[in-house]
Structures are given as structure tokens and as C-alpha cells.
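Below is one structure, written out as C-alpha cells; comments come after it.
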There are 2 protein chains.
Amino acid sequence: MKKLDESLLTNLPPFRKLDRSQIRQILDAATPVRINAGDAFFDQGDTAEKFFLLLDGHIRVVKMTPDGEQVIALHIASGQLFGIAAGLGKATYPATSVAADECLALYWPNVMWDRFVATYDGFATETYKVVGERLDEMNKRIVEMATQQVEQRVACVLLRLINQAGRKVPDGIEIDFPITRQNISDMTGTTLHTVSRLLSAWEKSGIVASKRSKVTVTEPHQLVLLSGATG
Amino acid sequence: MKKLDESLLTNLPPFRKLDRSQIRQILDAATPVRINAGDAFFDQGDTAEKFFLLLDGHIRVVKMTPDGEQVIALHIASGQLFGIAAGLGKATYPATSVAADECLALYWPNVMWDRFVATYDGFATETYKVVGERLDEMNKRIVEMATQQVEQRVACVLLRLINQAGRKVPDGIEIDFPITRQNISDMTGTTLHTVSRLLSAWEKSGIVASKRSKVTVTEPHQLVLLSGATG
DNA sequence: GTCCCAGTTTGCTCCACCGCAACAAGCGAT
DNA sequence: ATCGCTTGTTGCGGTGGAGCAAACTGGGAC
């Protein structure tokens, strides 16, 4: 197997403070894995024996309810660690990680987690900072779900997505991975029908442009107003 | 100031693995603080310069929306750390911690966090296990809010509360801190009216008994059925 | 090209829930 | 006791958005 390039890691938060030889060691312990859109790195309930770093692509973290409904808990963008359940004391993965598009990741066996934390100064701090951010984001979502109506929630989700995975294009900012109305409804706790109606309306107002499995925001500012941001 | 008793800490997860002299050191660095029901240890947005351990009482972690609505993110029971924002890389507290009843807590300045993590083996692990559990709980709530209707959500919240702060009494399990319909609605994203109606109905069915600011569950099993647990 | 299917659009009906309003019931203070 | 304030109860109308159903569309497989 050919060696992985060190530059993959040097600029990512968890590894930023490390020197070349340390990065080398970490990379040599890693296993690369590539999966297609729609496939999963692991399923909810699997014993958590690895943790991952997403190098390229986008992941949907999906929770299934006992009666078959699914909720998208969050998205992972490239450069982020995921599947770190074990580092937080969980024996099994709490959700399924589905590739939104073609994904490339590295993984390490769990034993490496403690080694990384112990050996590489700053790894723990940087990592838990990421956890803090996720906590924050989930908190925001709970507040949204509790206080806002569907239109505002959908607007919030779109704004969050263009922040996390937005790509500038001539006519606005597009979400650079495939995303269906169903997906958006799974993120906002509504139905694909309602999302479709909203996007149609917004398209008429010139706020967004959307094709099949693709959304582009042309007037982010308008969306901010709709999202119910007070001030 | 008289010395704090070591037995306060010995059985709590973050300190379980430590010996007497270590516990002594930790206690000597702590400042005790007592507040009344309704008061707050800190407010959302305050610079996070301390972290706390709740010794007695119950805390509501409350988030305010820009337009004045409030959402109860979670409850803290005695024995738990809280206000650990700084340990997760946040500069300010993300929410307000309001005492549900009279509360007694210890606090340490932030600098002690890194010291604890570095000095006391297992402190970090145990602590992040707690964070993992909170992440999990919040995840569950997001799924609930996204998929279930009000009746099920309220049932879930009551079940969660009797698990976290239930006290066995002759006629069932009571939530052993004051809690209003408004509070319950702030947890479930509904209105106090709807909660009142639900509790009235459940009281008629003999599932719960409630007085002003007090709820007792007499038939937990019935509540589980209502909560929509499939199986 | 044609078929097929996942994704989307749109209309219509219905009901869970919100929002208002008015009232009742505790509980503390004086 | 009387007042005042917080908390709880209940009725009623309006509506946001879910839950059907039916039709359309674009893109990939062949």
C-alpha cells in the first residue's frame, strides 16, 4: 500500500499542533476506506470499535426510530472526526453514518484513541472542542424545534447547510452534495410535501433555486429574515 | 471556613478512582455556594470562568430565544458537574442554570479543569462519559421532537424526569422538585394549556396525580405505553 | 431511442394544537 | 380576614401543516 500524504492531516484541528514525524506515525496506523453515496460506514447499534476521519465527501448522521422513521441528527463535512462514540464512553454507535456523496475516510482502531489523547498534546482539547460545537448545534436545533414553525426551521437548516457545505457559484451558494426534500424534512421534523411547497414558494420569490437533489440559495439574506432571527 | 467532608465526592463518577489525599486537595480548592429556588448560578452569555458540581438540589438548564421564549434544555441532578462550557472550548456559558429548588454546589476556577484532567487519571474519561450521555439525551430529544406528537413527548419527559429525579412515595413516584405546567411545556415545545389538559386527562385515568408545582406518576407503565415506545 | 424509478409537485381534507379569554384555586403577606 | 400574585383549568375558534392521492419529470439503464 502506498503511503498516505502527510498534508492530509496537517491543517485539521485535531492534528494542527503536531510535527511531521507524529503525523507520519498517525497516518501509518490509519486504514483508508472509500464508500459510495448511500452506503454507510457503520450502522446504529454496531459495536464501536473504530473511529473515523472524513477526508472527502459528506456524511449524514441518521437516527432511526423504533417504528422506522428516520431523523438526520447532523452532517459531517470533510476534515471532521466522526464515529467517536467510544471516546465518549459508548459501547455502540448511537446512529448510522450514511454517505451523502462518494466519501473517503481514514479509520483507526479504538485503542488508538487513548494513545492519541495520551501521546499527542492538544489532541484531546481540540477534539473535545469539536464535541462542544456539536453539543451547541444540537442545542440550537432543540430550541428551534421547540419554538419555531416549519418555515423558519427549514430556513435555519438551509442556512446551516450553506455554512457547513456551501460552495460559491455564479448565481448564489449551492449545497455541494445531493440533498432531497425528504432529507430536508428528516432534518426539520416535517414532511417532504411541506418542504416541497416551501421551496416552490421561495423559488417563486427568487430566494432559492433548486433542481432534483440540489439546492442553491440565491438570496441568503432573505433566508435569514425568514429564519426568524430577531434583531 | 470549616472543611468540607470528603465523603461528598468519593462516590461521584468523576472522582471515584481518586484516593483520600487527592479528594482532600480537590475539596480544598473548591468554593461552596448556595442559592435559592429561582435564582441562577450563572446566566447564558456570562464568561465561563468557573465550573460547578451540584451537591444538593436540582437545576434547570434554560436557553432563551432572542424573542424571549425559553426552552429547558436539560436538568441537572445532584452529583453532576455542570457549567463545564470552558472544558469544551466555549468562552461563555451557552445557557442559564436556574435552581429548581434550593441548591448547594461547589465551584472551581477554570484553571483547575486542565489541572484535574492532567493530574487525576480517569477524571477526563469519566467526565467525557457524562458529556456523551448528555449528547445522547439531547439526540433522543431531537428525535422525539421531530417524530412524536405532543402527548407522547410529554409522556417521555415525565418518564425521563422520574428516572432522573424520581422519589418513591406510597402512591407512586413523584418528581422531587417543584415543576409547573409551564416548565413542562418549556421542555416539550408546547403550551402550558395543552400540558394542563393532558395532565387533567391522565389524572382522570389514574395515571398521574398532580398538585400545584408537583407531579406524581402513579402508573409509570401506562405512561410508557403513551410515550409511544414500540415493541 | 424507451422504460423505469426515484424524486417532486400540487390539490384537497381533516384534526391536533395553538392562542385567546375568562375564571378558579392556592399561597404568602400584611 | 382581605388582598394580590402565581399557577392551574376549561371552553371555543382558527389554522398550520400532516396525510392522503394523483400526476409530472428528469435521469440512468439498457
Side-chain angles (χ1 to χ4, degrees), chain A residues 36-39 60 65 67-72 98 100-102 144-155 157-158 175 177-205 208-216 226 228, chain B residues 36-38 60 65 67-72 98 100-101 144-155 157-158 175 177-205 208-216 226 228:
Chain A
N36 291 318
D39 293 344
R60 273 190 262 280
T65 66
D67 42 273
E69 281 192 280
Q70 60 178 44
V71 177
I72 298 177
V98 180
D101 46 12
E102 193 177 349
E144 277 171 30
M145 304 272 290
T147 63
Q148 306 191 310
Q149 351 216 87
V150 171
E151 182 172 36
Q152 304 177 305
R153 298 210 300 269
V154 175
V157 160
L158 286 191
I175 297 165
F177 59 87
I179 185 164
T180 66
R181 325 280 145 150
Q182 177 73 60
N183 288 331
I184 296 177
S185 72
D186 286 343
M187 280 180 262
T188 46
T190 179
T191 61
L192 79 164
H193 310 280
T194 302
V195 172
S196 177
R197 280 182 249 267
L198 280 173
L199 288 185
S200 297
W202 291 346
E203 187 132 22
K204 279 202 190 71
S205 325
V208 305
S210 66
K211 296 183 310 194
R212 149 181 289 238
S213 295
K214 167 78 25 189
V215 177
T216 308
L226 284 173
Chain B
N36 292 318
R60 274 190 263 279
T65 67
D67 43 273
E69 283 193 278
Q70 61 177 43
V71 177
I72 298 177
V98 180
D101 47 12
E144 277 171 30
M145 303 271 290
T147 63
Q148 306 191 310
Q149 358 213 83
V150 171
E151 182 172 37
Q152 303 177 306
R153 299 209 301 268
V154 174
V157 160
L158 286 190
I175 296 165
F177 59 87
I179 185 165
T180 66
R181 324 280 145 148
Q182 176 72 61
N183 288 332
I184 295 177
S185 72
D186 286 344
M187 280 181 262
T188 48
T190 179
T191 62
L192 78 164
H193 310 280
T194 302
V195 172
S196 177
R197 281 181 250 265
L198 280 173
L199 288 185
S200 297
W202 291 346
E203 187 131 23
K204 280 202 188 70
S205 325
V208 305
S210 66
K211 296 183 310 193
R212 151 180 286 240
S213 296
K214 167 81 21 197
V215 177
T216 308
L226 284 174

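Just so it is clear: chains get the letters A, B, ... in the order the sequence lines come, proteins before strands, and each one is counted from 1.
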Quiz item: Got a sec, which pairs hit salt bridge (Lys or Arg N to Asp or Glu O under 4.0 Å) with one end in residues 144-155 of chain B, sequence neighbours left out?
Solution: B:Glu144-B:Arg160
Practice problem: Kindly write out the residues that satisfy side-chain hydrogen bond (donor to acceptor under 3.5 Å, both in side chains) with B:Asp186, not counting sequence neighbours, or none if the list is empty. | Solution: B:Gln70, B:Gln182
Quiz prompt | side-chain hydrogen bond (donor to acceptor under 3.5 Å, both in side chains) against B:Thr194, all qualifying residues, sequence neighbours excluded | solution = B:Thr191
Exercise. Only counting residues at least two apart or in another chain, list the ones meeting side-chain hydrogen bond (donor to acceptor under 3.5 Å, both in side chains) with A:Thr190.
Key: none
Quiz item: Which residues pass the side-chain contact (heavy atoms from CB on, under 4.5 Å) test with B:Thr65, sequence neighbours left out?
Solution: A:Val143, A:Thr147, B:Asp67, B:Glu69
Exercise. Return the set of residues passing salt bridge (charged side-chain N to carboxylate O under 4.0 Å, His left out) with A:Glu203 (not counting sequence neighbours), or none when no residue passes.
Key: none
Quiz item: Listed by chain and number, what are the side-chain hydrogen bond (donor to acceptor under 3.5 Å, both in side chains) partners of A:Gln149, not counting sequence neighbours?
Solution: none
Quiz item: Can you name the side-chain contact (heavy atoms from CB on, under 4.5 Å) partners of A:Ala146, sequence neighbours left out?
Solution: B:Val71, B:Met145
Quiz item: So what is the end-to-end bend of the helix from C:dG1-D:dC30 to C:dT30-D:dA1, with 5 pairs used at each end and the value given to 10 degrees?
Solution: 40°
Exercise. For nucleotides 7-17 of chain C, just jot down a letter per nucleotide in 5' to 3' order: B, S or -, based on protein non-hydrogen atoms under 4.0 Å.
Key: BBBBBB----S
Quiz item: Using a heavy-atom cut-off of 4.0 Å to chain B, what are the terminal contacting nucleotides of DNA chain D, in 5' to 3' order?
Solution: D:dT6 to D:dC12
Quiz item: Looking at residues at least two apart in the chain, or sitting in another chain, which of them share a side-chain contact (heavy atoms from CB on, under 4.5 Å) with A:Asp39?
Solution: A:Ile35, A:Asn36
Quiz item: Do the side chains of B:Arg60 and B:Asn183 get nearer than 4.5 Å, heavy atoms only?
Solution: yes
